Amino acid sequence: MLLMAAVSIIVFLLVDASPVDPVQANVGQAAYVNMSEAKRAQLAAYWGADTPVWERYAAWASSLLQGDWGTSLRYNAPVLDVIAVRATNSLALMGIAWVASGLIGFALGVAAAVFRGRAIDRAVKGYCYLLASVPTFWLGLMFLMVFAVFLKWFPIGFSVPIGMSAADVTLADAASHLALPAAVLSLTGVANIALHTREKAIDVLEGTCMRFARARGLGIGAAMRRHGLRNLAMPAITLQFASISEIFGGSVLVEQVFSYPGLGQAAVTAGLGSDVELLAGIALFSAALVFAGNLIANVLYSVVDPRLHSGRGRGRRFAVLRMPKRAGRPDSRARSKGSSVTHGGERAADANDSRQQTEPVLRESRVGVSHAHAACVSTVLHRPPRQRAANRRLTLAAFIATAGVLAAVVATGLVLADAAAVTDFAQKSLAPCAAHPFGTDWMGRDMLARTLAGLSTSVLVGLLAAGCSALIALVLGTVAALGGKRADAVVTWIIDLVMGVPHIVLLVLISFALGRGFFGVVVGVALTHWPSLARVVRAEVLQCKEAGYVKTARKLGAGRVRIALRHVFPFVLPQFIVGAILLFPHAILHEASITFLGFGLPPEQPAIGIILSEAMGYLSAGMWWLAVFPGVTLVLVVLLFDVAGSSLRKLVDPHRAQE
């Protein structure tokens with residue numbers, strides 16, 4: 001309840017800070033222009049526009065508790081009625097995608113772990129890394145173009161056939177319209193679950209229990225079915241319910257692509273149409289959905305492992321086996337419990353007893369370690385020293401080359417910015433050819449120049465947003481670890497608060513509050529991407545605090561500032577740099593997503609999201625190149641930098657160098 005109250009305050013402050021005039025929004029532009037100043041003041045007093053902000057919030061919160069969420073201006077209906085109607089469609093879409101992505105991701109993760117190092121494992125990891133670099137809306141555009149426009153297997157969009165009354169809609173009609181959006185949302189949700197499940201399944205397979213089962217003659221498949229799956233039950237529940245926020249955010253983009261009348265499309269419509277009441281209501285509903293998922297997960301933990309309530313002596317036959325240590329890693333007591341880096345820069349909980357297995361995967365343990373350099377123990381790997389040094393040099397060279405490619409793309413895009421805006425109607429709608437490798441659009445603009453110019457804009461936004469987000473994470477993570485229990489509790493609570501609202505919904509709110517524009521996109525992406533890196537910084541600082549030489553320096557009278565500058569920050573810096581680098585590709589993807597929805601940058605400024613949004617209207621005309629080439633270019637840049645960052649991460653975290 002406290003988190004929901006905090007979410008309501010944030011939502012109210014964001015919509016209240018928007019440049020929308022409540023009087024003008026309620027009476028309309030024409031009536032507002034012809035209205036006298038006295039009448040405007042009277043209406044402002046009626047709607048409470050001239051009262052202090054805390055009084056307006058108190059009145060709004062009181063109305064919420066009484067069931068009055070206001071009236072939607074766009075739909076001319078109570079907000080709760082609009083949410084109820086739209087939620088039916090959205091929950092059907094999200095429910096199918098949530099179950100399908102969970103089952104497929106779990107199966108792929110287990111298969112990759114069982115066949116670790118083989119073709120299946122490489123295929124699963126490649127599939128997951130590729131999907132993590134593909135924007136959800138672009139994948140939807142490709143499905144729409146291939147299966148609806150070219151093959152005509154499915155309808156182009158909407159939830160029911162156009163012109164058909166609700167009474168005449170059959171289950172087959174609804175299923176055919178739901179198939180493509182659900183397939184896209186399911187595929188994009190698989191990657192994160194599969195990678196996390198693979199990590200946990202490898203822990204299980206390398207444990208003592210599984211080795212004993214194999215020694216008794218059980219095959220790896222039978223041993224996994226009889227013993228391993230019980231160990232994976234708790235992480236699977238954690239991952240499944242932690243994915244609700246991502247599923248909701250993805251549904252906003254998918255619904256926009258397929259014109260599916262759900263909550264996501266309603267949120268975009270409300271944001272673009274200045275429907276303050278509806279936008280605030282959808283934001284609160286999405287946060288309540290995420291928090292409800294977390295609550296259900298906590299209840300299910302008790303069902304899977306009754307020892308949480310009954311103690312160690314009860315419920316033994318349902319007990320989950322201890323999660324074993326990874327082979328080749330130091331003892332868990334000698335390093336941070338939050339030092340296992342997952343894809344995308346986030347750290348998973350490295351649980352070593354059944355109680356810690358119930359913690360959410362996206363949280364790290366608060367327990368420090370006894371030695372600051374324990375993470376470096378595993379540098380004594382099986383590979384020869386010369387080979388390890390050669391691999392480090394090769395990784396650094398690849399990263400420098402990647403940065404050079406990125407700089408070349410930005411420079412080329414800036415040079416071609418003017419050429420990207422040149423129109424030539426005599427050359428309009430040309431397919432790719434020697435003169436125009438990416439073709440031309442409906443105004444005769446060269447798509448190669450337009451794509452590079454848009455990509456440079458997206459990269460610049462991503463760099464600025466990732467840099468700002470990394471600084472926020474560094475400050476809050478350090479404060480949480482060094483500021484004592486109260487500071488740690490406050491920062492952890494803020495992280496839970498930010499993670500409680502889906503990223504896309506929060507980005508829409510921030511863009512709405514700041515009036516869109518370049519500044520709004522940078523601020524929005526920066527304010528929504530710092531929690532994962534803050535957890536990493538916090539875990540590293542806790543690890544360094546418990547080091548022997550730090551304790552010695554403290555006993556010798558060194559102050560906190562001196563210890564932080566001489567010991568803590570040099571220790572945290574490598575992981576912080578890698579985490580900041582891995583924030584960059586995700587910042588680009590979210591920048592493209594928010595501009596695709598129509599927020600942020602103005603239409604005349606080229607950006608990949610704007611280019612793909614405009615291309616969506618020309619897919620039915622067969623102009624496939626408008627969506628294919630810009631999307632492929634964006635995916636390649638994100639994938640290239642993501643892979644380079646992941647490789648650089650292995651130099652900093654040698655525990656993962658053998659994966």
Side-chain angles (χ1 to χ4, degrees), residues 83-110 127-128 131-132 134-148 151 153-161 164 166 169-197 236-268 282 285-294 296-297 300 502-505 593:
I83 292 178
V85 173
R86 294 294 181 124
T88 303
N89 294 331
S90 287
L91 291 178
L93 171 62
M94 290 187 291
I96 294 173
W98 184 67
V99 174
S101 62
L103 294 177
I104 297 173
F106 183 80
L108 290 179
V110 173
Y127 165 78
C128 292
L131 273 187
V134 174
T136 302
F137 64 89
W138 184 72
L139 185 63
L141 287 176
M142 295 300 98
F143 270 59
L144 183 66
M145 181 179 66
V146 173
F147 296 107
L151 298 178
W153 291 354
F154 297 95
I156 292 180
F158 305 101
S159 61
V160 296
M164 182 179 293
V169 176
T170 64
L171 183 60
D173 293 331
S176 64
H177 284 76
L178 186 61
L180 285 183
V184 172
L185 200 55
S186 301
L187 289 176
T188 54
V190 164
N192 190 44
I193 295 177
L195 289 173
H196 279 86
T197 302
I237 292 174
T238 298
L239 290 171
Q240 188 69 4
F241 284 92
S243 66
I244 292 179
S245 179
E246 296 181 5
I247 290 290
F248 192 98
S251 70
V252 175
L253 299 168
V254 170
E255 290 176 7
Q256 188 70 11
V257 171
F258 291 96
S259 300
Y260 191 81
L263 284 175
Q265 190 187 52
V268 175
I282 293 175
F285 180 86
S286 65
L289 190 65
V290 174
F291 292 144
N294 294 335
I296 295 173
L300 291 180
H503 278 176
I504 293 298
V505 176
S593 298

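Please read these numbers as outputs of a predicted model, since none were measured by experiment.
Contact annotation: the side chain of L187 approaches that of F143 to within less than 4.5 Å [non-hydrogen atoms, C-beta and beyond]. In this structure, the side chains of S101 and I247 come closer than 4.5 Å at one or more pairs of heavy atoms. Side-chain contact between V146 and W153 is absent, with no heavy atoms from C-beta onward closer than 4.5 Å. I296 places a side-chain heavy atom less than 4.5 Å from the side chain of F241. Within the 4.5 Å cutoff, the side chain of M142 has no heavy atoms near those of the V134 side chain. In this structure, the side chains of S259 and Q265 come closer than 4.5 Å at one or more pairs of heavy atoms.
Distance check: I193 CD1 to C128 SG gives 10.0 Å after rounding to the nearest 0.5 Å. Annotation: the span from I156 atom CD1 to M145 atom CE amounts to 13.0 Å, rounded to 0.5 Å. With rounding to the nearest 0.5 Å, the separation of CE in M94 from CD in E255 is 7.0 Å. One finds the CZ atom of R86 at 8.0 Å from the CD1 atom of I282 (value rounded to the nearest 0.5 Å). With rounding to the nearest 0.5 Å, the separation of CG in L93 from OG in S186 is 8.0 Å. To the nearest 0.5 Å, atoms OG1 (T197) and CG (N192) are separated by 9.0 Å.
G140 approaches F258 most closely through the heavy-atom pair O-CZ, 3.6 Å. Between T136 and G250, the closest heavy-atom pair is CG2-O, 4.1 Å. Contact record, L139 with L131: CD2-CD2, 4.3 Å, taken as the closest heavy-atom pair. For the pair L180 and A148, the tightest heavy-atom approach, listed with the atom from each and the gap, is CD1-CB, 4.2 Å.
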Residues Y127, L108; criterion side chain to side chain contact (heavy atoms under 4.5 Å, CB included); working and verdict: CA-CA 10 Å; Y127 165 78; L108 290 179; 4.1 Å; yes
Could you please spell out the steps behind the side chain to side chain contact (heavy atoms under 4.5 Å, CB included) verdict for D173 and T170? CA-CA 5 Å; D173 293 331; T170 64; 3.0 Å; yes
Show your reasoning for whether side chain to side chain contact (heavy atoms under 4.5 Å, CB included) applies to F248 and V290. CA-CA 9 Å; F248 192 98; V290 174; 5.7 Å; no
If you apply the rule side chain to side chain contact (heavy atoms under 4.5 Å, CB included), what do you find for L185 with S251, and how did you get there? CA-CA 7 Å; L185 200 55; S251 70; 4.0 Å; yes
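Using a distance-only test at 3.5 Å, with no hydrogens or angles considered, no donor-acceptor pair links the side chain of W98 to the main chain of G189. A donor-acceptor distance shorter than 3.5 angstrom exists from the side chain of S90 to the backbone of L263, with no hydrogens or angles considered.
Taking a 6.0 Å sphere around CG of L171, one finds it holds 12 or fewer heavy atoms contributed by other residues, nucleotides or ligands.
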